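Remember, it's a predicted structure, so these values are computed and weren't measured experimentally. Sequence lines set the chain letters: A, B, ... in the order given, protein chains first and strands last, and positions in each chain run from 1. Just so you know, these numbers use all the heavy atoms, side chains as well, and skip hydrogens, waters and symmetry mates.
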2 protein chains.
Amino acid sequence: MIDIARHAGVSKSTVSLVLQGSPLVKAETREKVVAAIEALGYVYNRGAANLRGQRSNIVGMVINDLANPFFAELAVGIERVFHAAGYIPFIANTIENPKRQGEVLRSMSEHDIAGLIICPARGTRPSDIETMAQLGVPVVLAMRRLAGPRYSSVTPDNLRGARRATEHLLALGHRRIAFFGGYSDMIAQNDRCGGYQAALVAAGIAVDPMLVIEGPPNRECGQNAIGHVLDMAVPPTAALCFNDVVAFGVLTGLERRGLAAGRDFALVGFDDVAEARHTNPPLTTVHVDTGALGERAAHQVLRMIHGDARPEEFVSDVDLVVRASCGAATGRLQ
Amino acid sequence: MIDIARHAGVSKSTVSLVLQGSPLVKAETREKVVAAIEALGYVYNRGAANLRGQRSNIVGMVINDLANPFFAELAVGIERVFHAAGYIPFIANTIENPKRQGEVLRSMSEHDIAGLIICPARGTRPSDIETMAQLGVPVVLAMRRLAGPRYSSVTPDNLRGARRATEHLLALGHRRIAFFGGYSDMIAQNDRCGGYQAALVAAGIAVDPMLVIEGPPNRECGQNAIGHVLDMAVPPTAALCFNDVVAFGVLTGLERRGLAAGRDFALVGFDDVAEARHTNPPLTTVHVDTGALGERAAHQVLRMIHGDARPEEFVSDVDLVVRASCGAATGRLQ
DNA sequence: CTAGAGAACTGGAACGTTCCAAAACGAGAT
DNA sequence: ATCTCGTTTTGGAACGTTCCAGTTCTCTAG
């Protein structure tokens, strides 16, 4: 910067002013400086600026499973608005590992991030997040709320979505309906499973705990769950899955046994990732406007960065989209 | 840091030594310092350290389409090895927009990244990348090579994969085979389309340029392409797609017309994303070990960061995985 | 008891910015 | 000419580290 000051015949302070687009500098001077910048191939050091200015344009994005298309879509939405606002995100994929999550959180705070969006890994203690908040970093929780102090959050309406999906299965005549995936110590699972149970109870059906199969929200879990359940004395005829990826696993498990969803078993997912419409058969699922949810989360941290500290718990509307995996299209079940 | 020095009764230099894990400090002193750090809730400022130390633990990861599960899987692989090596990645999703890409590249260089992995957006000029390299940032190109100076790169064996896939289609008896997706100004498309053409030529079939439908590598393109091609006087009976996502679009397009892949049209994808096995029908595609490719890319930049500047062009092996969309399983086509 | 050699520490400059207080400039009014 | 006031410009301290060149310990050997 001193070099370019010399080259333009001004002081480094003036260069700084130009760089910040200050209106205090005369147009003519500005041009000289810009020319010098151009000529010398100067590149701004934002790290140094952060250090002195005590502010940063880095934000953190910590995702628990980036290989799940749902979270990838969420990340895309988040990145879109951050980029537009001049912020640049760190990314970390915690793969549901609180230890790994702790490491990245520490690393991000060492870099003095201006804000943080986090889908907490399973087993995250509120204190892990609290540490960040205490440092003055605006935090918004995505997809998974946390017990304890009020944080900003964005979530789909898990309870309502699961309830509608279950009602649909009930309307198709199913009485023994299972719930696959997620763990009861995850709030999202509580909400989705809660919606499922509420619908059962409202229909006068007792909840059978044997039919709630917990597991990680991935393909493998779905595949195991369907196998397990089909070996029961009185197997269920339908299942709601914690998310689409679990449902994809169920599809594989069914196929391995020569069975097909929609014909031999009614299957419903949750999230409506882009691939859900192409599965075999196409997956009935609860539609979530994932990209918009991500954008909303980013806007929340932006708002908080700009000084509005009020937490906001945003719950987005959801819709059941009926395709073939539930058997409704073919009408062949019951 | 001065605070903690005071609290531990040492100088800030000693604190710095402790923080860096230097062996020069006596165990006893170290303990006092660590205790002070603990007590005061101090958090290290890596930005300041970078400034003084002229090195950084931030790397850049610029992806052209993060919503494509293929690139998400790639990103996961990259992030995995960077995290393990103590680096933390910026992420940017360029959505094939060179202007956006230019912006993020500039932003990343302002943050003095230690290395860069980039899947260049379509229309990237070599000079855009050269700017980074000139700044001394180790660059590795992922999935898409670039004309001009030798950069490190990781790519699947596009030519061979496409050739094998096309040969498979030929073996099933198809003579009019289309190629969907990608643009001829993308090297990856050249390679894949080149493999396709090579197979045709080897089989004594003239390449019909009408059957090569260019377009963005996304679902929409596939949907449009199949519609377009089915309206021809003599439509093709099979197609190889630039990637799986394009093939997913074709699946939708086929479905819209009441047709099914594997029965009415032979379809092959490229990449073998996780969802390909669950599509309706399951997609025959060229398997790429995506996560490993990402890891390889990250290892390359790590190697270059550590001073080994030799560029390495890594081409990973691929495999055709035959499922139902090509009609091989049912044998119903021809 | 002291010289010498390590081992363990330390002060201050430097990294590239921003910010503040103050200085220099320019133009109109006296 | 001089004063005043608004517009531009500027020097230097500060941000939180690292690194270098010493300095001060501590111990061993003579």
Side-chain angles (χ1 to χ4, degrees), chain A residues 1-37 40-58 86 88 106-114 135-137, chain B residues 1-37 40-58 86 88 106-114 135-137:
Chain A
M1 210 162 105
I2 287 180
D3 285 350
I4 98 141
R6 208 174 346 244
H7 192 275
V10 298
S11 75
K12 66 182 170 30
S13 300
T14 304
V15 176
S16 174
L17 256 11
V18 170
L19 255 13
Q20 292 171 84
S22 162
L24 295 180
V25 23
K26 203 160 44 165
E28 188 187 345
T29 312
R30 185 191 318 278
E31 278 163 27
K32 274 192 304 194
V33 171
V34 169
I37 287 175
L40 302 196
Y42 160 83
V43 3
Y44 186 68
N45 183 329
R46 206 166 289 270
N50 288 350
L51 180 57
R52 169 62 226 223
Q54 305 288 52
R55 77 185 78 92
S56 138
N57 76 141
I58 304 181
I88 175 158
R106 148 173 279 254
S107 185
M108 286 180 177
S109 57
E110 288 183 352
H111 279 288
D112 190 27
I113 53 174
L135 254 30
V137 179
Chain B
M1 210 162 106
I2 288 180
D3 285 351
I4 98 144
R6 208 175 345 245
H7 193 275
V10 298
S11 75
K12 63 182 171 33
S13 300
T14 304
V15 177
S16 174
L17 257 11
V18 171
L19 255 13
Q20 293 170 81
S22 162
L24 295 180
V25 23
K26 204 162 43 166
E28 187 187 346
T29 312
R30 186 191 318 279
E31 276 164 28
K32 275 194 302 196
V33 171
V34 170
I37 287 175
L40 303 196
Y42 159 83
V43 5
Y44 186 67
N45 183 330
R46 206 164 289 271
N50 287 351
L51 180 58
R52 171 62 227 224
Q54 305 288 54
R55 77 183 79 91
S56 138
N57 76 140
I58 304 180
I88 175 159
R106 146 173 280 254
S107 185
M108 286 179 177
S109 56
E110 288 182 353
H111 278 288
D112 190 26
I113 52 175
L135 254 32
V137 178

[X] has an atom [atom1]; how far is it from atom [atom2] of [N], in whole Å?
{"X": "Glu28(A)", "N": "dT9(D)", "atom1": "CD", "atom2": "C1'", "answer": "13 Å"}
{"X": "Gln54(B)", "N": "dA13(C)", "atom1": "CD", "atom2": "P", "answer": "19 Å"}
{"X": "Arg52(A)", "N": "dC15(D)", "atom1": "CZ", "atom2": "P", "answer": "7 Å"}

Reckon [X] has a side-chain N or O less than 4.0 Å from the OP1 or OP2 of [N]?
{"X": "Gln20(A)", "N": "dC19(C)", "value": "yes"}
{"X": "Ser11(B)", "N": "dT10(C)", "value": "yes"}
{"X": "Thr29(A)", "N": "dT9(D)", "value": "yes"}
{"X": "Arg55(A)", "N": "dC19(C)", "value": "yes"}
{"X": "Ser13(A)", "N": "dT9(D)", "value": "no"}

Discussion item. Salt bridge (charged side-chain N to carboxylate O under 4.0 Å, His left out) for Lys32(A) and Glu28(A)? Distances and angles first, verdict last.
Written reply: CA-CA 7 Å; Lys32(A) 274 192 304 194; Glu28(A) 188 187 345; 5.7 Å; no
Fill in: Upstream residue (5' side of DNA chain C) when Leu17(B) and Ala48(B) are each assigned their closest nucleotide
Leu17(B)
Worksheet item: If you take all heavy atoms of Ser56(B) and Ala114(B), which pair is closest and at what distance?
Response: O-CB, 3.4 Å
Worksheet item: Between Ile113(A) and Val137(A), which heavy-atom pair has the shortest distance, and what is it?
Response: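 The answer is O-CG2, 3.9 Å.
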Discussion item. For a quick check of understanding: with a heavy-atom distance under 4.0 Å over all strands, which category does Val15(A) fall into, base, sugar-phosphate or nothing?
Written reply: nothing
Practice prompt. Just call it for Val43(B): base, sugar-phosphate, or nothing, with non-hydrogen atoms closer than 4.0 Å on any strand.
Written response: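 If one applies the 4.0 Å heavy-atom cut-off, Val43(B) turns out to touch the sugar-phosphate alone, with no base involved.
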